[in-house]
2 protein chains.
Amino acid sequence: MARHAGVSPVTVSRAIRHPEMVSEELRKRIDDAVLKLNYIPNHLASALASTRTHIVGVIVPSLTNGVFDDYLGAIQDVLNPAGIQVLVLNVRYSESEEEKAIETLMGYHPEAMIVAGVDQTERSRQLLRNSGIPVVQTMDITESPIDLNIGLNHDEAGAAAVRFLHAQGHRRIAHLTARADPRARRRHAGYQRQMDAFGLSTKGLVGASPRPSDVAMGGELFAQILADVPEVSAVFTCNDDLALGTLFECQRRGIRVPEDVAIIGFNDLDFCTAAVPPLTSVSTERREMGTWAARSILELIRGGGKRPRQPTVDVGFSIKARGSTAAIETRSRAKRPRAKA
Amino acid sequence: MARHAGVSPVTVSRAIRHPEMVSEELRKRIDDAVLKLNYIPNHLASALASTRTHIVGVIVPSLTNGVFDDYLGAIQDVLNPAGIQVLVLNVRYSESEEEKAIETLMGYHPEAMIVAGVDQTERSRQLLRNSGIPVVQTMDITESPIDLNIGLNHDEAGAAAVRFLHAQGHRRIAHLTARADPRARRRHAGYQRQMDAFGLSTKGLVGASPRPSDVAMGGELFAQILADVPEVSAVFTCNDDLALGTLFECQRRGIRVPEDVAIIGFNDLDFCTAAVPPLTSVSTERREMGTWAARSILELIRGGGKRPRQPTVDVGFSIKARGSTAAIETRSRAKRPRAKA
DNA sequence: GGGACAAATGAAAGCGCTGTCAATCGACAT
DNA sequence: ATGTCGATTGACAGCGCTTTCATTTGTCCC
């Protein structure tokens, strides 16, 4: 490449990385050669020599559900224009895969890491801390972040969902949960805590599955609840897929939503507004978390080490009340039509 | 690291890459030091020196929809155990982003590339070809693959959906399509071709939007069709999200599915079986395409260059007939109940 | 016992690039 | 004319690892 343009390798490097340092004539000659030869600098060599990899590692627990889509998009939208490449590894909700992924990523010497959740294994935390690079934990909040932390209180969100339903008059409130990742477990704990605080029993009202959640599972879990506690009047699901499945199960059985059973999901994915009735859901600030994480990293990388004033941010959540929940009408409760199954 | 274990750097390298070449004693000492120091080899240096990066680049047009999930999962399941790291770049259905992504990935010197679709720009194709590494194009099929190709005929799939509905007695068959990526366009073309072949007009029966599809859009597009052609009796959508949105729109208006309107989606995502009624959909072999692509690459990398006998594979598709479609009953057609909107 | 050989380790070189510093050149001021 | 300065360019070294080849040591055999 350098030979083809009749200049030294250093000049090629400069023409590409710092064009203003090279005379117009040479820059032109080099640009031509680049195009002609389809030259693409070897990122490995460049990173090795400069000790700047322009890589940020991101670990997500899943790609299946729409949740991590906005989040990843937001991260890319901030980092890519800054010339930073995002390496995404999907660890499928597995702690051991996460450890491996962190090790792998560290081998690429990223300039920062963004991980989902705050429940890394001890070894994972150690690797992250030892790396000396900025680490952002997202999606959840903790008292003892590795470094930076933005998220929301899932326990509180679970409790809030229960309070929301309780305020509408519901007492038999079920909870459906699948593949209990730590955040879903916290939402479950919040549900349980609030039910306890209200003096309400949850016996037979919790449906859980170890399998990854999907829409069909929502129906299955709700069917189990119905078998145990036919009087169930509201369902809080740990995500929107299960909520949709529950809605379908109700349709299948001729159970009216929200008159007979109220449904509230979690995440507020796009299909919530489109459903019939539209699904009430606990909405989370996924884009904001991604954006904040990426921006903080950019500041740290550029600013050279001064931490933002606030290492932990609670973005909160909000309940989007829609047609799948409504204040209970006591009279209509008795004569609920129950289809055969 | 080498110093800490009291050996030379070469020996450390060997203890990690080719443990059998190092005596048990030294191996032990090095392993200890690795653990103690949390040593992780610098992948950049390793790749640069060995000219083996153990990277395979994968380009996907989207992560939003569930489609690329199984596909990516399948690729990882084959490649990761073989010690190969998969770098995934999401190009959001943009040709220019795809070009950039290919350039970026080439800078990492992957040992192979897997790209979705067969419609790369000329520059993209050139980059891929010049790279000299195996390239697999997936999801679609072409007469002139860059290298290897596995996919299905989308034009044929679109036509098959129309034939399926036609055989059930439908004549006014609508098509909904969003963000027309090349494959969706081919499905649309197949729809049009088959409608023409049947001598059926598609006037007012095609709903298209340039925005990325989501469930809500399915409802909106279908509403437009209804306004134009109230007699529409069946809808073929370019993906399952739009199908679900159409189903919801029908529910909202009191239109019975499949009695008044039949719906057939595309991809056969998991929620199709859970919906009420379950959605008929054209099912595609996403896992198989990923697996085949990954396996072929593994053979080429290991086997050292001999191409598999068959460079192009058509995995076909199949129509999963479910409750959202049914043979038309002519008598019920007339008195369809039409809600206000 | 000496030579042939295998096993284990290290020394040297280099992967393709970039940071640093030195060299060159013309412009400009004195 | 001489020295000074800024703008360009190149030489050199080295990033952390691996490949290749040489060296050392121990083993075996006639």
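So that the names make sense, note that chain A is the first sequence line, chain B the second, and so on, each numbered from 1. Just so you know, these numbers come straight off a predicted model, no measurement behind them.
Two residues, B:Val22 and B:Ala45, neighbour DNA chain C, and the one matched to the more 5' nucleotide by heavy-atom proximity is B:Val22. Mapping A:Pro9 and B:Ser13 onto DNA chain D by nearest heavy atom places A:Pro9 closer to the 5' end of the strand.
Per the geometry, CE belonging to B:Met21 stands 13 Å off P belonging to D:dC21, to the nearest Å. The distance from atom CG of A:Leu44 to atom C1' of D:dT18 is 14 Å, rounded to the nearest whole Å. Taking atom CG of A:Leu48 as the reference point, atom C1' of D:dC17 lies 8 Å away to the nearest angstrom. In this entry the distance linking NE2 of B:His54 with P of D:dC17 reads 15 Å, nearest Å. If you measure from atom CZ of B:Arg52 to atom P of C:dC15, you get 18 Å, rounded to the nearest angstrom. In this structure, the CG atom of A:Asn42 is 18 Å from the P atom of C:dG14, given to the nearest Å. For the pair B:His18 NE2 and C:dA8 P, the interatomic distance rounds to 15 Å; values are reported in whole Å. Rounded to a whole Å, the CE atom of A:Met106 is 20 Å from the C1' atom of D:dC17.
Under 4.0 angstrom from either OP1 or OP2 of D:dC17 there lies at least one side-chain N or O belonging to B:Tyr39. Look at B:Ser46 and you'll find a side-chain N or O under 4.0 angstrom from OP1 or OP2 of D:dT18. Taking 4.0 angstrom as the limit, A:Ser8 places a side-chain polar atom (N or O) nearer than this to OP1 or OP2 of D:dG10.
A salt bridge links B:Lys28 to B:Asp32: one of the charged nitrogens lies within less than 4.0 Å of a carboxylate oxygen. Contact check on B:Asp119 versus B:Arg186 returns a salt bridge, with a Lys/Arg side-chain nitrogen under 4.0 Å from an Asp/Glu carboxylate oxygen. Taking the charged nitrogens against the carboxylate oxygens, B:Glu25 and B:Arg29 do have a contact shorter than 4.0 Å, which makes a salt bridge.
When distances run from any side-chain atom of B:Arg17 to the nucleotides D:dT19, D:dT18, C:dG16, the shortest one goes to D:dT18. Checking D:dT9, C:dG10, C:dT9 against every side-chain atom of B:Leu26, the shortest atom distance belongs to C:dT9. The listed nucleotides are C:dA11, C:dA8, D:dC12; the one nearest the side chain of B:Ser23 is C:dA8.
Looking at heavy-atom distances under 4.0 Å, A:Val12 makes no contact with the nucleic acid at all. A:Ser50 comes within contact range of the sugar-phosphate backbone alone, with a heavy-atom separation under 4.0 Å but no base atom that close.
In the interface, the side chain of A:Arg14 is paired with the base of D:dG10 through a donor and an acceptor atom under 3.5 Å apart.
A pairwise comparison of heavy atoms in A:Asn149 and A:Thr138 identifies ND2-N, 4.5 Å as the closest pair.
Between the CD atom of A:Glu95 and the CG atom of A:Asp181 there is a distance of 11.0 Å, given to the nearest 0.5 Å.
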